[in-house]
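Everything numeric in this text was worked out from a predicted model, so none of it was measured. Every chain is numbered from 1 and lettered A, B, ... according to where its sequence line falls, protein lines coming before strand lines.
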2 protein chains.
Amino acid sequence: MELDSRKKAILYAIIENYQETGEPVGSRTISKLEHFKFSPATIRNEMADLEEMGLIVQPHTSAGRIPTDKGYRLYVDKMLEEQKEEKKDLPALPMANLLSKRIDRVEELLVKMAQILASNTNYTTMVTGPHYRKNKLKFLQLSGMEDGKILAVVVLEGNIVKNNILTVEENLDPQELLNLSFLLNNKLNGLSLEEINLGLISQIKEEAGSHSALVTKILDAVAETFAQEESYPIYTSGAPNIFRYPELTGGDKASELISTLEEKKELGTAIGQLSESGSQQDIQVFIGDEVPVDSMKDCSVVTATYSLGEGVQGKIGIIGPKRMNYQKVVDTLKDTMNQLDQVFAKPEE
Amino acid sequence: MELDSRKKAILYAIIENYQETGEPVGSRTISKLEHFKFSPATIRNEMADLEEMGLIVQPHTSAGRIPTDKGYRLYVDKMLEEQKEEKKDLPALPMANLLSKRIDRVEELLVKMAQILASNTNYTTMVTGPHYRKNKLKFLQLSGMEDGKILAVVVLEGNIVKNNILTVEENLDPQELLNLSFLLNNKLNGLSLEEINLGLISQIKEEAGSHSALVTKILDAVAETFAQEESYPIYTSGAPNIFRYPELTGGDKASELISTLEEKKELGTAIGQLSESGSQQDIQVFIGDEVPVDSMKDCSVVTATYSLGEGVQGKIGIIGPKRMNYQKVVDTLKDTMNQLDQVFAKPEE
DNA sequence: TGTTAGCACTCATAGCGCTTGAGTGCTAAC
DNA sequence: GTTAGCACTCAAGCGCTATGAGTGCTAACA
C-alpha cells in the first residue's frame, strides 16, 4: 500500500492531536481541522488503510485511533530529517547563567542542567556523570596533616580530583613526603590504570625504600580513584513528572518507573548500551519497545551526548510518554548542547 | 473518662491489627484475639468510649475503627517508655561490613546506610549529610599543576575535603607557591569563617606582596568550601516504598510525596526545625500532623541523630504511613546508631 | 474513480437499583 | 458488668440499561 501525502498528513494530525489530549483521535476530529477539507467518511477510509499498515491502532472497537510505535517512528524520522535543514529559534533556556560558573564543579552543573531540562520539558531527565575517554593520571599530591595522617589528592585528566585520607604508622617528615611525592609523580604521571603494572609497582617500592607500605596504600587510593570514575554517577530530575501522564501511572507502572529511576544501576548499563549502539549523530530517539529498559517500554527516551571539552563527555536522556513532544524535546536538547559547546569550546579562560 | 488497662489493651490491639492489614478493625476481630475473653458487644462498648476520647475513629458508620493521631501518640509514647528498660535483640543489620570501610568516604557510607534502612524497613529513608559543629579550617594545600593552574585543597575539621582548581595569570615557581601555602596555613589554620575578617585578609595580602590577586581567589575558594558545607546534602532511598501503602497513594498524594523527596530543599529546612526542637533524646517520632512538611501530613516520621565522632553529626529520618511499625523502626534505628557509635567511638584506627 | 451521506453496529462509560456483608448501637436479659 | 439479640447503616459489588463516541460498510453522487 502506498503512503501518499494525504495519509501522512492524517497520521501526523492524529499524532499531534493525541500528543495534546492523550485521548484516541476520531475521524470527525481530524476532518474539522484547518487543512482538512474532507468528510469524516473519507478520513475513515484513510485511517483504515493506516491501521492496515500498522501505523495506528484502535484501543477498542468503538474508539478513535492512537499511533503505534511504528507510526511514531515515521513521524520522528521525518522530523529529524527536516530539522537538519531549518534552524529553529527557541526561547533560550536559562542555562547561560549556569554555564558561566566554574568548570570544576561539574557535578553541580549537571544536576542543575537536569533540573532545568526537567522543568522546561515537563518530562523526566537523567544525566550521566562525565565519562573520561583518556583516563590518565595527571597529578598526585601528598600532604601531611597534623594528626599523623596523609592527605593524598589524585587528579586525573579532565581535572577529576579525588581525596583520600591515609593513616600511616610510620612517621614521615615533610621532606621525605616531598621526595616520595616527587618520585610517584615522576613514575606515574600520564599513565592509565592498565599501564601501572606490577613491574612498575615493585620498582617504585624499591626506590621508596622503607616506605613501601605507604606506597601500597597510595597506589590503592589511585586505583580506587580510577574505579570510582568507571562507575560514573547518574543524576535524575523531574521524576514526579510521570504523574502528569495517566498512561504511565496505571497499575504498578508509576512505582516501577520511580524504582528504576532511583536504582540508577540499570539505567547506567542501559545508557551504556545506548552509547555503544549510537551512531555519529548526537541525538537519538528511542520509542516504546526500542528503549532498552523493561520498565520503560511505555516510554520514549531522547538522548544526547554532551561534551565539556578535553574529551570529557556524557549522556543526557529525556524520558517521557510515547506521546511526548518530540519536536520540543529535540529542539531543547540541541539548544542545550549548543550552549554547552559555546561555553566549553572557548579557549579555557 | 478513665483509660483503664482494658481500654488500653483494646486500643493497642486495634493499632497493631491495623498496622498489619490496613483495614479498619471491628469488634469481632478483637474479641477473637488470644488475650481477649470478652464478647464483641463488650468490646464495642469500650470502643465507643475510646472513640469518645478521640483515640480511634470510624471512617464511615458501618466500618471498624482506625486509630487517630492521638491514639498513635499514646501507643508510641508507651512504647518509647518501655524501650528504656528492656534491651531488645534484633537481627543485626548488615551494617557492619559497611562500617568497616574507610571513613573518608562519608557520602558513600550515608547513601548505603539509607539504602539498607529503606530495604530493611520497607519505608522511605532520608539522611542529611553530616553537619559539622565546629567548622574550622584545618589545612590548606596549594599545588601547581602543569598547565598553569593551581589546585587548592581545603580541609575543614571533620576531614571535609574540597578541591578548587584556580586559573592564574601570573606564573609562580614552586618555591613561591610553597611559601604562599605556608603563609596561608599559618594565618588561617584553626579559624572559622567568621574569624577570617577583612583585617586579617588585608594583612595576608600585604604579606603575600605581588600575589594578592591569587590570595583573593584562594580565599574565595575557602569561603565557598564553608558555604557548601552549610547547605549540606540530603540523601533519600526507598521512595517507591510509599506505593506499598494505598493510603499514601490516593489522589495526588504519591506525586506530592515523591516531589517532596526529590526537591530536597523543603526537607532540609524541615529537618532543620526537627533538630532545633529536638530534645536530648536521640529518637523522635512525628505522627501525622506533627510532621512539619505539608505533603507528609498523612505520614509519620521517625528521626534519629547519628554521630561520626569529632562532633560530626546529622539526621536520619524514616518516613512511612501513620500505621508504620514504630517498634521495628525505632529498634532498627537504635541498632544502627549503636553500630555507628561502636565503630566511631573506637580510638580512630 | 474518488468522495460523501446514511445507517447499523460496537463498546466503554456512567448511572441506577439491588443485594450482600461487615460492622455498629441499643436494649434487655443474665 | 457482661452478653445475646436485633434493627440499622453503608461501602462495595453486580447486573441492567441508557448514552454517545466512533467505526465499517454500502450506495449514491460528481
Side-chain angles (χ1 to χ4, degrees), chain A residues 1-11 13-18 20-33 35-68 71 246-247 250-251, chain B residues 1-11 13-18 20-33 35-68 71 246-247 250-251:
Chain A
M1 179 144 351
E2 189 65 34
L3 187 64
D4 57 31
S5 74
R6 192 170 72 181
K7 284 192 173 58
K8 276 188 195 167
I10 291 174
L11 173 62
I14 290 173
I15 290 177
E16 276 156 23
N17 192 288
Y18 184 61
E20 288 167 27
T21 65
E23 299 287 320
V25 185
S27 54
R28 238 179 84 85
T29 314
I30 301 281
S31 83
K32 275 191 289 189
L33 251 50
H35 272 282
F36 290 87
K37 44 190 192 304
F38 299 102
S39 77
T42 310
I43 308 286
R44 277 206 289 283
N45 287 332
E46 298 288 47
M47 280 161 84
D49 290 351
L50 286 170
E51 181 155 17
E52 208 175 313
M53 285 185 260
L55 299 172
I56 55 179
V57 281
Q58 287 179 286
H60 56 266
T61 320
S62 70
R65 306 302 215 288
I66 60 174
T68 61
E247 66 263 46
Chain B
M1 179 145 351
E2 190 65 34
L3 187 65
D4 58 31
S5 73
R6 192 171 71 184
K7 284 192 173 60
K8 275 188 195 166
I10 291 173
L11 173 62
I14 290 172
I15 290 177
E16 275 156 24
N17 191 288
Y18 184 60
E20 288 165 26
T21 64
E23 299 288 320
V25 185
S27 54
R28 239 178 83 85
T29 314
I30 301 280
S31 84
K32 275 191 290 191
L33 251 50
H35 272 282
F36 290 87
K37 43 191 194 302
F38 299 103
S39 76
T42 311
I43 308 285
R44 276 205 291 282
N45 287 331
E46 298 288 47
M47 280 162 85
D49 291 352
L50 286 170
E51 181 154 17
E52 209 176 312
M53 284 186 262
L55 299 172
I56 54 179
V57 279
Q58 287 179 285
H60 57 264
T61 319
S62 71
R65 306 303 215 286
I66 60 174
T68 61
E247 66 264 45

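Within residues 21-30 of chain B, the residues that have a heavy atom under 4.0 Å from DNA chain C are, in order of number, Gly26(B), Ser27(B). Contacts between residues 42-50 of chain B and DNA chain D, counted as heavy-atom distances below 4.0 Å, involve Thr42(B), Arg44(B), Asn45(B).
Counting heavy atoms from C-beta on, the side chains of Ile56(A) and Ile10(A) never come closer than 4.5 Å. Side-chain contact between Leu11(B) and Lys8(B): absent, with no pair of heavy atoms (C-beta onward) separated by less than 4.5 Å.
The span of DNA chain C lying next to chain A, judged by atoms under 4.0 Å from heavy atoms, is bounded 5' to 3' by dT3(C) to dA12(C).
The minimum heavy-atom distance between Pro67(B) and Ile15(B), with the atom names listed, is CG-CG1, 3.6 Å.
The side chain of Ser62(B) contributes no N or O atom lying less than 4.0 Å from OP1 or OP2 of dC10(D).
Between Phe38(B) atom CZ and dG1(D) atom P the separation is 12 Å, expressed in whole Å.
Judged by closest nucleotide on DNA chain D, Pro40(B) is the one of His60(B) and Pro40(B) placed further toward the 5' end.
Summarising the geometry, atom CZ belonging to Arg28(B) is positioned 4.0 Å from atom NZ belonging to Lys32(B); distances are rounded to the nearest 0.5 Å.
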Collect all protein-nucleotide pairs involving nucleotides 27-30 of chain D in which both atoms are nitrogen or oxygen and the distance is under 3.5 Å.
none

Under 3.5 Å for both distances, Watson-Crick or G-U wobble, that's the pair rule; now give the dot-bracket for DNA chain C, with | marking pairs to another strand and [ ] for crossing ones. ||||||||||||||||||||||||||||||

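Judged as a side chain to side chain contact (heavy atoms under 4.5 Å, CB included), and not counting sequence neighbours, the contacts of Leu33(A) are Ala13(A), Phe36(A). For Glu247(A), the side chain to side chain donor-acceptor pair (under 3.5 Å) test picks out Arg323(A), with sequence neighbours left out.
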Determine all donor-acceptor pairs shorter than 3.5 Å in which one atom belongs to a side chain in residues 39-47 of chain A; sequence neighbours excluded.
from, atom 1, to, atom 2, distance (Å)
Ser39(A), OG, Ala41(A), N, 3.3
Ser39(A), OG, Thr42(A), N, 3.4
Ser39(A), OG, Thr42(A), OG1, 3.4
Arg44(A), NH1, Ser27(A), OG, 3.3
Glu46(A), OE1, Lys7(A), NZ, 3.0
Glu46(A), OE2, Arg6(A), NE, 2.7
Glu46(A), OE2, Arg6(A), NH2, 2.8

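Listed by first and then second residue, the side-chain hydrogen bond (donor to acceptor under 3.5 Å, both in side chains) pairs involving residues 50-64 of chain B are Glu51(B)-Arg65(B) (not counting sequence neighbours).
Exactly one of Thr29(A), Leu55(A), Ile30(A) qualifies for a side-chain contact (heavy atoms from CB on, under 4.5 Å) with Ile14(A). That residue is Ile30(A).
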